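Fair warning: this is a prediction, and the values are worked out from it, not measured in the lab.
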Amino acid sequence: MSPRRIGVLLAKELVWGPKGFVFIMAVAAPVIVSLLVNLLVGSFFSGKPSLAVFDGGTSQMVAALRANEGLLLREAGSAGAVESAVRSGAADMGLILPAGFDEELRGGAGTAVTVYVYGESLLKDRAFLATAIASQLRAITGDASPVEIVTETLGDGASIPWEERLLPLVVMMAVIFGGIMVPATSLVQEKQDRTITAVTTTTVSLAELFVAKGILGFLLALVMGVVILLINQAFGARPLLLIGLLALGAVMATTFGVIMGALVKDINTLFATIKGLGILLYAPAFIYLFPSLPGWIARIFPTYYMIAPIVEVTQRGASWADVRLDVAILIVLDLALIAVLAALTYRARRRPAMLPGLVS
């Protein structure tokens, strides 16, 4: 196997690959889906938690909160409107201030305020809003406030925000589109156009061709995985670990993609096969959408070991020690797929009819 010939083939792939429809979709689709998710259910564009407030009197807290640029204030016309806003997720937290609240507070009389919390709001947003409210209470009294804050969680308090549930699906889409579809469609298209026969009749070996196609898919899957995590602000405190995990996932996807491209005869069959395998490929991500489902179901699917360590690191702050078992399984799966591809390549050289269209 010659690195120089692989480099020449890879250069050709880098020139012609980005012009293909599947390559463009592999880049555009995950980004578009990620931006739509953040627009509809996330906080990508504002980056600010929202607070709904109903003031039964004329509390100075409302004016002070209105001037706080770190939050989005929604002034409601009634206590019921505050509750509705929080229950629907339009606000992360709701605050109801009774009439004469400031006077009671300054007079030292004990008073209570009702705070509603959206069950799927982010912990960091709750903490910021709670701090902002406490700060304004101290500003009114000039000291520790004799206020009892009664919190009520609306919705399922154990729920996971939808942007976190959808992140595994979008990351898997980025890695699978780039790693599987790009090398697979490239190989099949060249078989249909018969250009691959001309290449393999030269000094270029089938293994070198597979490696060049695989490198392009690997690079695209890795880069798009990183881009999606950056868009979702999910890189966390362990970027090198995440890049390593994405790389291992990209190896799995790319190797499987090259195997598919070697075995399938035409584009229609390839798309039908990928469509049929879709539920198996994306099943772990769909299970993440519904946390009530038993977690062991996801472990049945090989792609679980691609996405689970990434989710653990990005959303739960896991370290290498926490994900090493799943990573070990992922490495074994990668090596198994590489062994299958190597066996196919070896047998194709001995029996060309085994992979029609790849060798003359």
Inset, instruction - Output all residues satisfying side-chain hydrogen bond (donor to acceptor under 3.5 Å, both in side chains) with Arg324, sequence neighbours left out; order by chain, then residue number. - result: none
Inset, instruction - Begin from the C-alpha positions of Phe301 and Leu280 and carry the test side-chain contact (heavy atoms from CB on, under 4.5 Å) through to its verdict. - result: CA-CA 7 Å; Phe301 304 95; Leu280 300 177; 3.8 Å; yes
Legend entry - Shared hydrophobic cluster for Ile331 and Phe218 (ILVMFWY, side-chain gaps under 4.5 Å): yes
Legend entry - ILVMFWY network linking Leu14 to Leu222, side-chain heavy atoms under 4.5 angstrom: yes
Inset, instruction - Would you name the heavy atoms of Met25 and Pro30 that are closest together and state the gap between them? - result: O-CD, 3.7 Å
Legend entry - Side-chain donor/acceptor of Thr273 to backbone N/O of Thr269, under 3.5 Å: yes
Legend entry - Any side-chain heavy-atom pair of Met260 and Leu270 under 4.5 Å: yes
Legend entry - Any donor-acceptor pair under 3.5 Å from Lys191 side chain to Gly261 backbone: yes
Inset, instruction - Following the transitive rule for hydrophobic clusters with a side-chain heavy-atom cut-off under 4.5 Å over Ile, Leu, Val, Met, Phe, Trp and Tyr, establish whether Ile300 and Phe256 coincide in one cluster. - result: yes
Legend entry - Which atom of Tyr288 lies closest to which atom of Ala308, heavy atoms considered: OH-CA, 3.5 Å
Legend entry - Pair Asp326 + Arg299, salt bridge at N-O below 4.0 Å: yes
Legend entry - Between CD1 on residue Ile133 and CG on residue Leu65, distance to nearest 0.5 Å: 7.0 Å
Legend entry - Polar side-chain atom of Glu312 near backbone of Asp322 as donor-acceptor pair, under 3.5 Å: no
Inset, instruction - Is it possible for you to say whether Ile24 and Met224 belong to one hydrophobic cluster, with membership spreading through side-chain heavy-atom contacts below 4.5 Å? - result: no
Inset, instruction - Look at the side chain of Thr303 and the backbone N and O of Met306, then say whether any donor-acceptor pair between them is shorter than 3.5 Å. - result: no
Legend entry - CD1-CZ distance between Ile243 and Arg238, expressed to the nearest 0.5 angstrom: 14.5 Å
Inset, instruction - Assess the side chains of Thr255 and Asp334: does a donor N or O sit below 3.5 Å from an acceptor N or O? - result: no
Legend entry - Shortest non-hydrogen separation from Phe271 to Met181 and the atoms involved: CE2-CE, 3.3 Å
Inset, instruction - Give, for atom CG of Leu73 and atom CG of Leu95, the distance between the pair rounded to the nearest 0.5 Å. - result: 9.5 Å
Inset, instruction - Would you please test Val82 and Val53 for side-chain contact (heavy atoms from CB on, under 4.5 Å) and show each step? - result: CA-CA 6 Å; Val82 170; Val53 176; 5.8 Å; no
Inset, instruction - Give the C-alpha distance, both sets of side-chain angles, the deciding distance and a yes or no for side-chain contact (heavy atoms from CB on, under 4.5 Å) between Thr185 and Phe21. - result: CA-CA 10 Å; Thr185 54; Phe21 173 76; over 6 Å; no
Inset, instruction - Decide whether Leu248 and Val332 are clustered together by the hydrophobic rule: side chain heavy atoms of Ile, Leu, Val, Met, Phe, Trp, Tyr closer than 4.5 Å, transitively. - result: no
Legend entry - Minimum side-chain heavy-atom gap Val31-Val227 below 4.5 Å: yes
Inset, instruction - For residues Val117 and Val86, determine if any side-chain heavy atom of one lies less than 4.5 Å from a side-chain heavy atom of the other. - result: no
Inset, instruction - Answer whether the closest heavy-atom distance between the side chains of Lys265 and Val188 falls below 4.5 Å. - result: no
Inset, instruction - Give, for atom CD1 of Ile287 and atom CH2 of Trp296, the distance between the pair rounded to the nearest 0.5 Å. - result: 9.0 Å
Legend entry - Side chains of Ile338 and Val251 in contact at under 4.5 Å (non-hydrogen atoms): yes
Legend entry - With Tyr305 via side-chain hydrogen bond (donor to acceptor under 3.5 Å, both in side chains) - residues at least two apart: none
Legend entry - Minimum side-chain heavy-atom gap Val313-Trp320 below 4.5 Å: no
Inset, instruction - Return the minimal non-hydrogen interatomic distance between Val258 and Leu187, and the atom names on each side. - result: O-CD1, 3.7 Å
Inset, instruction - State, yes or no, whether a side-chain contact exists between Met172 and Leu281 at a heavy-atom distance under 4.5 Å. - result: no
Inset, instruction - Please lay out, stage by stage, how Ile96 and Tyr116 fare under the test side-chain contact (heavy atoms from CB on, under 4.5 Å). - result: CA-CA 9 Å; Ile96 299 175; Tyr116 294 115; 3.4 Å; yes
Inset, instruction - Report yes or no: does Thr314 contribute a side-chain atom to a donor-acceptor pair with the main-chain N or O of Ile310 at less than 3.5 Å? - result: yes
Legend entry - Non-hydrogen atoms of Pro302 and Met252 that approach each other most closely: O-CE, 3.7 Å
Inset, instruction - Identify the heavy atoms of Leu220 and Gly178 that sit nearest to each other, and give their distance. - result: CD2-CA, 3.8 Å
Inset, instruction - Please answer whether the main-chain N or O of Thr254 pairs with a side-chain N or O of Lys213 as donor and acceptor at a distance below 3.5 Å. - result: no
Legend entry - CG-CG distance between Leu246 and Leu229, expressed to the nearest 0.5 angstrom: 5.5 Å
Legend entry - Rounded distance (nearest 0.5 Å) linking atom OG1 of Thr345 with atom CG of Leu341: 4.5 Å
Inset, instruction - With the side chain counted from C-beta on, respond yes when Asn232 and Ser34 share a heavy-atom pair under 4.5 Å apart, and no when they do not. - result: yes
